[in-house]
Amino acid sequence: MSSLASDIPAALTAKDVVEGGQQIRTQLTICDTATSDGGRTLLNYYQSHQARGVLPKRTDMPCRELLGIMPDLFMLEPVDAAGHDWRFRLVGQGLVEHVGVDATGLCISQAYEAEDAKRNAGDYRDIAMNGNTRITRGTFHGIDREFLQMQIVHVPMVGLDGVTPWVLGGLFVQPAPGAI
């Protein structure tokens with residue numbers, strides 16, 4: 001008889017992370033180009049909008065061009081006008097499975113250690129307000145995922161209200177060299 005149960009452990013929820021006091025650290029290096037297929041797809045999507053003089057919009061998602069990478073995408077909105085904190089508005093299921101945490105609804109100040117949250121907020125402000133892209137490569141720490149190597153691509157987008165700048169990101173994971 002087959003079972004409907006899965007042997008995949010349930011991801012921590014945003015509430016679990018806050019109550020458990022778990023916070024993420026990252027070790028990242030800024031890169032010039034996206035090397036992952038997903039990263040290139042996201043950059044091409046952004047560049048096609050940029051060529052038309054517009055930004056991607058939250059209201060246009062999901063979209064056909066990104067269907068293959070939707071599970072690896074996330075969206076961030078500023079919590080305050082100065083962009084000192086950002087909330088995960090959407091976290092794709094592929095990310096939840098890889099990272100083991102569904103950060104939807106969490107602010108970066110809750111999800112990351114203070115130093116990482118401050119650095120990320122600065123990066124997100126630069127991306128959202130200045131229209132810059134950011135490509136990084138590195139690893140997670142603090143959540144038992146050090147074995148995963150990741151590439152993160154961030155691009156600016158327009159939020160639900162059609163005005164507020166948000167950040168659209170893609171996190172593309174692969175096993176770290178030497179990992180089993």
Side-chain angles (χ1 to χ4, degrees), residues 11-12 14 17 24-52 54-78 83 86-108 111-112 116-117 119-141 143 145-160 164-176 179:
L12 296 172
V17 171
I24 301 169
R25 292 185 321 278
T26 54
Q27 285 187 310
L28 301 173
T29 302
I30 295 176
C31 303
D32 293 330
T33 58
T35 56
S36 65
D37 290 341
R40 287 191 297 270
T41 298
L42 181 53
L43 281 176
N44 288 338
Y45 174 75
Y46 169 70
Q47 290 164 350
S48 72
H49 282 76
Q50 192 179 33
R52 296 190 316 264
V54 297
L55 290 174
K57 296 178 184 172
R58 172 61 181 106
T59 55
D60 294 337
M61 304 266 173
C63 63
R64 184 175 307 276
E65 298 93 340
L66 298 179
L67 280 181
I69 63 169
M70 287 300 292
D72 301 315
L73 299 181
F74 60 94
M75 295 177 192
L76 294 149
E77 72 169 331
W86 293 73
R87 181 179 322 281
F88 286 97
R89 287 295 300 221
L90 173 126
V91 177
Q93 187 59 36
L95 286 168
V96 172
E97 290 171 9
H98 285 301
V99 178
V101 175
D102 183 355
T104 303
L106 277 181
C107 292
I108 63 171
Y112 291 97
D116 281 12
R119 182 195 65 230
N120 289 349
D123 290 348
Y124 301 153
R125 280 192 305 273
D126 181 50
I127 294 160
M129 300 305 295
N130 299 323
N132 293 321
T133 60
R134 174 93 15 104
I135 305 166
T136 56
R137 175 175 303 288
T139 55
F140 285 118
H141 297 272
I143 56 170
R145 293 299 190 271
E146 291 81 1
F147 60 91
L148 292 177
Q149 192 66 216
M150 62 182 165
Q151 180 173 70
I152 307 172
V153 176
H154 296 95
V155 300
M157 72 180 300
V158 177
L160 278 174
T164 304
W166 282 19
V167 173
L168 173 61
L171 191 145
F172 309 100
V173 261
Q174 59 190 31

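All heavy atoms count here, side chains included; hydrogens, waters and symmetry mates do not. Values in this document were obtained by computation on a predicted structure and should not be read as measured data.
Contacts of Gln151 classified as side chain to side chain donor-acceptor pair (under 3.5 Å), with partners at least two apart in sequence or in another chain: Thr35, Ser36. With sequence neighbours excluded, the residues satisfying side chain to side chain contact (heavy atoms under 4.5 Å, CB included) with Leu73 are Leu42, Leu66, Ile69, Met70, Leu168. Judged as a side chain to side chain donor-acceptor pair (under 3.5 Å), and not counting sequence neighbours, Ser48 has no contacts. Every side chain to side chain donor-acceptor pair (under 3.5 Å) that Asp37 has, sequence neighbours left out, goes to Arg40. With sequence neighbours excluded, the residues satisfying side chain to side chain contact (heavy atoms under 4.5 Å, CB included) with Pro56 are Tyr45, Tyr46, His49, Met61, Met157.
Screening residues 121-131 for side-chain hydrogen bond (donor to acceptor under 3.5 Å, both in side chains), with sequence neighbours left out, gives Asp123-Arg134, Asp126-Asn130, Asp126-Asn132, Asp126-Arg134.
Summarising the geometry of Pro78 relative to Thr164, their closest heavy-atom pair is CG-CG2, 3.8 Å, with the distance given to 0.1 Å. Heavy atoms only, all atoms of each residue included: Phe74 and Gly170 are closest at CE2-N, 3.7 Å. Taking every heavy atom of both residues into account, Ala111 and Phe88 meet most closely at CB-CE1, 4.3 Å. The two residues Ala103 and Val91 make their nearest non-hydrogen contact at C-CG2, 4.0 Å. Smallest separation of non-hydrogen atoms from Cys107 and Arg87: SG-NH1, 3.4 Å. Considering every non-hydrogen atom in both Pro156 and Gly131, the closest pair reads CG-CA, 3.8 Å.
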- Verify side chain to side chain contact (heavy atoms under 4.5 Å, CB included) between Val158 and Trp166, making sure each step is shown before the conclusion. CA-CA 5 Å; Val158 177; Trp166 282 19; over 6 Å; no
- Yes or no on side chain to side chain contact (heavy atoms under 4.5 Å, CB included) for Leu90 and Arg58, after CA distance, side-chain angles and deciding distance? CA-CA 10 Å; Leu90 173 126; Arg58 172 61 181 106; 4.1 Å; yes
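Contact of the Thr133 side chain with the Val153 side chain is not registered, since no non-hydrogen atoms from C-beta on lie closer than 4.5 Å.
Summarising the geometry, atom CG belonging to Leu76 is positioned 11.0 Å from atom CG belonging to Leu106; distances are rounded to the nearest 0.5 Å. Taken from CE in Met75 to CZ in Arg89, the straight-line distance is 10.0 Å, to the nearest 0.5 Å.
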